[in-house]
Amino acid sequence: MNIIFLGAPGVGKGTYTGKLKILYGIPHISTGDIFRENIKNKTELGRDAEAHIEKGELVPDELTIGMVKNRLAEEDIQNGYILDGFPRTIPQAEALEKFAKIDVVVNFVAAESVIMQRLSGRRICRKCGEIYHIKNIPTQVEGYCDLCHSETYQRDDDKPEAIKERLKVYEKQTKPLIDYYKKKGLIVGIDANSEDIETIVATIRSKLDEFKQKPA
Ligand code: AP5
Ligand code: MG
């Protein structure tokens, strides 16, 4: 299936996709990760995106849409994919329809206090991108990734000012996508408040199975 993961910053999209991409054997396409990779490699796209991301703003649609269109032209998407963090605006969703057929949109919901706690304690591995949390999912050795033993870091946009801006941007520009996809009959809702990640992942799987069996 071609799946979109929708939801506020910090709701856990990257964490759940990390598990599901292995279970389903399909690629995880995170626009945030692609931008961060470009920033790290000092590409032109990275330079254009960096100032927006640091402030918690969205990267302009024309840059983001072109980037996703190129990514979805690659060979590895034949058996499906999970799009994490795209689309995030109505124009992005309209553009996506022209070059992809989406089967289902999973919408994650959690309380704002839960989201704030998750974002402010998040740590990422500098090398492999594995996601941790200082309290919820701590590394075995503080400051170092369990998988590849590289250093972990706090994202620049996980500082309080940028978090505030990202949540505002989400409310204004991304939340309208829930209705957009509801009207198309594509939304599956998931309560992501629980700290039991395995249970959330199992719920996503069973809801996706149910959705697949629904008559069109
Ligand atoms: P992006 O990287 O996509 O950030 P985001 O949408 O703000 O989402 P996050 O990655 O912050 O949260 P997440 O839901 O993946 O949560 P995670 O799994 O890490 O985008 C970054 C920026 O790039 C944007 O602000 C924008 O500037 C730009 N951009 C990207 N896409 C764009 C687009 N389409 N258009 C324009 N600009 C775009 O989990 C969070 C924390 O919680 C972690 O520490 C994790 O360990 C913990 N956690 C997760 N789930 C649980 C749980 N159930 N219980 C306990 N802890 C949990
Ligand atoms: Mg993410």
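Excluded from the calculations below are hydrogen atoms, water molecules and symmetry mates; all remaining heavy atoms, backbone and side chain alike, are included. Position 1 is the first residue of the sequence; numbering continues from there. Each ligand, and each atom within it, is numbered from 1 in the order the structure gives.
Distances from ligand 1 to the non-hydrogen atoms of Leu119 include at least one value under 4.0 Å.
Residue-to-ligand polar distances keep Asp33 apart from ligand 1: every N/O pair is separated by 3.5 Å or more. No N or O atom of Pro87 sits closer than 3.5 Å to an N or O atom of ligand 1. Ligand 1 has no N or O atom lying under 3.5 Å from any N or O atom of Asp84, backbone or side chain. Considering backbone and side-chain N/O of Ala192, none are found under 3.5 Å from N/O of ligand 1. For ligand 1, none of its N or O atoms has an N or O atom of Gly7 under 3.5 Å away. Residue-to-ligand polar distances keep Asp157 apart from ligand 1: every N/O pair is separated by 3.5 Å or more.
Ranking the protein heavy atoms by distance from atom 11 (O) of ligand 1 puts Arg166 NH2, 2.5 Å first. Protein heavy atom at the shortest distance from atom 1 (P) of ligand 1 is Arg88 NH2, 3.5 Å. In terms of protein heavy atoms, atom 12 (O) of ligand 1 is closest to Gly10 N, 2.8 Å. Atom 46 (O) of ligand 1 has Ile137 CD1, 3.1 Å as its closest protein atom, hydrogens excluded (heavy atom only). For atom 42 (O) of ligand 1, the closest non-hydrogen atom on the protein side is Arg118 CB, 3.1 Å. Protein heavy atom closest to atom 43 (C) of ligand 1, with residue, atom name and distance, is Ile131 CG2, 3.5 Å. Among protein heavy atoms, atom 16 (O) of ligand 1 sits closest to Gly12 N, 3.3 Å.
Considering only heavy atoms from C-beta on, Tyr132 stays 4.5 Å or farther from Arg122 through its side chain.
With a 4.0 Å heavy-atom cut-off, ligand 1 is reached by the side chain of Tyr16 but not by its N, CA, C or O. In Ile53, the parts holding a heavy atom less than 4.0 Å from any atom of ligand 1 are both the side chain and the backbone. Within the 4.0 Å heavy-atom criterion, the part of Ile197 lying near ligand 1 is the side chain and not the backbone. If you look at Val169 next to ligand 1, there are no close heavy atoms at all, none under 4.0 Å. At a 4.0 Å heavy-atom cut-off, ligand 1 touches Val59 through backbone and side chain alike. Contacts of Thr89 with ligand 1, taken as heavy-atom pairs under 4.0 Å, are absent altogether. Contact annotation for Ser194 and ligand 1: only backbone heavy atoms (N, CA, C, O) come within less than 4.0 Å of the ligand. When non-hydrogen atoms are compared, ligand 1 lies under 4.0 Å from the backbone of Thr15 as well as from its side chain. When heavy-atom distances to ligand 1 are checked against a 4.0 Å cut-off, Asp196 has no atom that comes that close, whether in backbone or side chain.
Interface of Tyr132 with ligand 1, defined as ligand atoms under 4.0 Å from a residue heavy atom, comprises 43 (C), 44 (O), 46 (O).
Proximity annotation for atom 10 (O) of ligand 1: of Glu195, Arg155, Glu50, Arg155 comes nearest, heavy atoms only. Comparing Leu63, Leu58, Asn136, Ile200 by heavy-atom distance to atom 55 (C) of ligand 1, the nearest is Asn136.
Rounded to the nearest 0.5 angstrom, Arg166 CZ and Thr174 OG1 are separated by 11.0 Å.
Figure legend: cation-pi geometry between Lys184 and Tyr180, with NZ or CZ positioned under 6.0 Å from the six-membered ring centre and within 45° of its axis.
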